[in-house]
Amino acid sequence: MKIRALVVDDEPLARSNLTVLLRQDAAVAIVQECGSGAEAIAEIRNCKPDLVFLDVQMPECDGFDVLEMLGRDLPQAVVFVTAYDHYALRAFEAGALDYLLKPFDNARFERALGRAKEKITHGSANLIETIENKEPGSRRAERIAVKSAGQVMFLKPCEIDWIEAADYYACLHVGSKTHLLRRSMSELERDLDPAAFSRIHRSTIVNLERVRSLRLGEDGEYEVLLENGTSLRMSRGYRKQLQPRLGIRSSS
């Protein structure tokens, strides 16, 4: 199948350069352009591209805002494009597959595109088994492979208490043990069952079965308390999503 690509940048010349490079690859069938973050959100939800080259710095709605507002509607592969290298860590945490630093040469672009094509074609090697979800076309991870003490372990998602971002990795907390997985938080959120897991912060996902209570902190922000005593900070943007799933009315 041909890859559908979207280029998002508020600078017309930057969009044009990426579009020209993409159209040289026979595997890319469609290349569309957006000049703003808000336009990109609507286009991604409407057309569902496989691959998005996303500028970081855009007025009103930047690249990180785009990914956060998309939630589970993220494309299979996102490559951030920016002139500033200090966004790199945050880009991978947000779910980027790669990070192009302007100005980049054709060879660097080809490497990024190659990684994207591999991801779109073969998916992630970490998700060993999947099961069909009730929603048409969606699949959920049934087992996740992690390396531990020189061996490969297979975790069931239900065994995970909570997940946190850790540089280029995700840290899976399973009882008293932790396992590092080279996956972004957004990828894991998309692949895990939304009935069982919920994002409570840009860098935190919790297993809803482990949530014991919510506690209002002195700063007016809520904390999520787990059965094992762990206290996790919840950002205001995710509170409205979490409360109904815990049986709490929005007025609470």
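Bear in mind that the values here come from a model prediction, so they are computed numbers and not experimental data.
In this structure, the side chains of D98 and K119 stay at 4.5 Å or more apart for every pair of heavy atoms. Between I144 and H179 there is no side-chain heavy-atom pair separated by less than 4.5 Å. The shortest side-chain heavy-atom distance between S235 and H201 falls under the 4.5 Å cut-off. A 4.5 Å side-chain heavy-atom check between L51 and L113 finds at least one atom pair inside the cut-off. No side-chain heavy atom of I30 sits under 4.5 Å from any side-chain heavy atom of K2. Residues P49 and Q32 fail the side-chain proximity criterion, which asks for heavy atoms closer than 4.5 Å. Using a 4.5 Å cut-off on side-chain heavy atoms (C-beta onward), L192 and N207 make no contact. Between I41 and C61 there is a side-chain heavy-atom pair separated by less than 4.5 Å.
The distance from the CD1 atom of I200 to the CG atom of L208 is 10.0 Å, given to the nearest 0.5 Å. The structure places CG of L6 at 9.0 Å from OG1 of T19, a figure rounded to the nearest 0.5 Å. In this structure, OG1 in T204 is found 6.0 Å from CG in L232, a value given to the nearest 0.5 Å. Atom OG1 of T82 and atom CG of L101 lie 7.0 Å apart (nearest 0.5 Å). Separating the CZ atom in F154 from the CD atom in E159 is a distance of 12.5 Å, to the nearest 0.5 Å. To the nearest 0.5 angstrom, R212 atom CZ is 9.5 Å from S231 atom OG.
What you find for Q76 and R190 is that their closest heavy atoms are O-NH2, 4.1 Å. Across every non-hydrogen atom of R210 and C158, the tightest pair is NH2-O, 2.8 Å. Contact between V174 and D161 at its shortest, heavy atoms only, is C-OD2, 3.8 Å. Closest of all the heavy-atom pairs between G63 and M58 is N-CE, 3.9 Å. In terms of heavy-atom proximity, L246 sits nearest to V211 at CD1-CG1, 4.1 Å. Minimum interatomic distance between C47 and R4 (heavy atoms only, all atoms of both residues): O-NH1, 3.4 Å.
Between the side chain of R115 and the main chain of L97, a donor-acceptor pair closer than 3.5 Å is present. Judged purely by atom type and a 3.5 angstrom limit, R199 uses its side chain to pair as donor or acceptor with the backbone of R202.
Both I3 and V79 are part of a single hydrophobic cluster, where members link through side-chain heavy atoms under 4.5 Å apart. Cluster membership for Y238 and L67, using ILVMFWY side-chain heavy atoms within less than 4.5 angstrom, is not shared. If you chain together hydrophobic residues whose side chains sit under 4.5 Å apart, L216 and L225 never meet in one group. Linking ILVMFWY residues whenever their side-chain heavy atoms come closer than 4.5 Å, directly or via other members, places W162 and L214 in the same cluster. Cluster membership for V20 and V52, using ILVMFWY side-chain heavy atoms within less than 4.5 angstrom, is not shared.
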Quiz item: Do V8 and D55 pass the side chain to side chain contact (heavy atoms under 4.5 Å, CB included) test, and can you show the C-alpha distance, the side-chain angles, and the key distance before you say yes or no?
Solution: CA-CA 6 Å; V8 184; D55 186 25; 5.7 Å; no

Report task. Could you walk me through whether V81 and V56 pass the side chain to side chain contact (heavy atoms under 4.5 Å, CB included) test, one step at a time? Result -> CA-CA 6 Å; V81 185; V56 172; over 6 Å; no

Would F104 and N17 count as a side chain to side chain contact (heavy atoms under 4.5 Å, CB included) if you check the C-alpha gap in whole Å, the side-chain angles of each, and the deciding distance to 0.1 Å? CA-CA 11 Å; F104 53 84; N17 289 341; over 6 Å; no

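Applying the ring pair (Phe, Tyr, Trp, His ring centres under 6.0 Å) test between F80 and each of F64, Y99, F53 identifies F64 as the sole match.
Each salt bridge (Lys or Arg N to Asp or Glu O under 4.0 Å) pair with one or both residues in residues 21-40, not counting sequence neighbours, appears once here: R15-E33, D25-K117.
Other residues, nucleotides and ligands place no more than 12 heavy atoms under 6.0 Å from the NZ atom of K156. Atom CD of E209 is surrounded by 12 or fewer heavy atoms from other residues, nucleotides or ligands within 6.0 Å.
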